[in-house]
Amino acid sequence: QVQLVESGGGLVQAGDSLRLSCIGSGRSFSNDAMAWFRQAPGKEREFVAAMAWYGGTSYYADSVKGRFTMSRDDAKNTAYLQMNSLKPEDTAVYYCAADPRVTIKTMRSPLYKDWGQGTQVTVSS
């Protein structure tokens, strides 16, 4: 019954923007650290962005810093990932994750309790 559902992925050209959404249900995620990870074909799942439960602490992978912005709306039980200036190397399945146990020391690690099913982002050159 607890689930996270991503949406907003699609096929775009390099330089375009996309906004991903992650809607949680089954429980409140307001006390959770939330994060975005991605996995490209043949590669390991990698950290993209994370935000603490209070929204005041966030981290970004170097590869997306300055281009991607994570936000959250706890009233809507939703997290977002605004992706600007997309590059072909951003092509991947993007996953949302949440866990109330995650700390600032572990927000970048793929050890979150709950995960979404993923949404495909494809960026053509």
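What you are looking at is a predicted structure, and each value in this text was computed from that prediction instead of being measured.
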Review point. Quick one: does Asn31's side chain have a donor or acceptor within less than 3.5 Å of a partner on Trp53's backbone?
Key: no
Check your understanding: In terms of hydrophobic clustering (I, L, V, M, F, W, Y; side-chain heavy atoms under 4.5 Å; direct or indirect links), are Val121 and Leu11 co-clustered?
Key -> no
Review point. Which atom names give the shortest non-hydrogen contact between Asp74 and Arg72, and what distance separates them?
Key: OD1-NE, 3.1 Å
Review point. Under 4.5 Å between side-chain heavy atoms, hopping through other hydrophobics if needed: is there a path connecting Met70 to Tyr112?
Key: no
Practice item. Kindly say whether Cys96 contributes a backbone atom to a donor-acceptor pair with the side chain of Glu6 at under 3.5 angstrom? Key: yes
Review point. Which pair of non-hydrogen atoms, one from Val5 and one from Gln117, has the smallest distance, and what is that distance?
Key: CA-OE1, 3.5 Å
**Study point:** Thr57 side chain near Met107 side chain, heavy-atom distance below 4.5 Å
**Key:** yes
Check your understanding: Which pairs pass ring-ring contact (aromatic ring centres under 6.0 Å, His included) with one or both residues in residues 78-103, sequence neighbours excluded?
Key -> none
Show me the donor-acceptor pairs, under 3.5 Å and distance only, between side chains in residues 12-28 and residues at least two apart or in other chains.
unit_1, atom_1, unit_2, atom_2, d
Asp16, OD2, Gln13, N, 3.1
Ser17, OG, Asn84, OD1, 2.9
Arg27, NE, Asp114, OD2, 3.4
Arg27, NH1, Asp32, OD1, 3.0
Arg27, NH1, Asp32, OD2, 3.0
Arg27, NH2, Asp32, OD2, 2.7
Arg27, NH2, Asp114, OD2, 2.7
Ser28, OG, Ser30, N, 3.2
Ser28, OG, Ser30, OG, 2.9

With a 3.5 Å cut-off and sequence neighbours excluded, list the donor-acceptor pairs that the side chains of residues 39-52 form with protein atoms.
unit_1, atom_1, unit_2, atom_2, d
Gln39, NE2, Lys43, O, 3.1
Glu46, OE2, Arg38, NE, 2.7
Glu46, OE2, Arg38, NH2, 3.3

Exercise for review: Report whether Leu81 and Val64 are members of the same hydrophobic cluster (ILVMFWY, side-chain heavy atoms less than 4.5 Å apart, transitive linking).
Suggested key: yes
Check your understanding: Cluster question for you: counting only ILVMFWY and a side-chain heavy-atom cut-off of under 4.5 Å, with indirect links fine, are Ile104 and Val102 together?
Key -> yes
**Study point:** Met83 side chain near Asp90 side chain, heavy-atom distance below 4.5 Å
**Key:** no
Practice item. Could you name each residue pair satisfying salt bridge (charged side-chain N to carboxylate O under 4.0 Å, His left out) that touches residues 98-108, not counting sequence neighbours? Key: Asp99-Arg101
Practice item. State which residues pass ring pair (Phe, Tyr, Trp, His ring centres under 6.0 Å) with Trp115; sequence neighbours excluded, sorted by chain then number. Key: Phe37
Check your understanding: Who pairs with Lys65 by salt bridge (Lys or Arg N to Asp or Glu O under 4.0 Å), at least two apart in sequence or on another chain?
Key -> Asp62
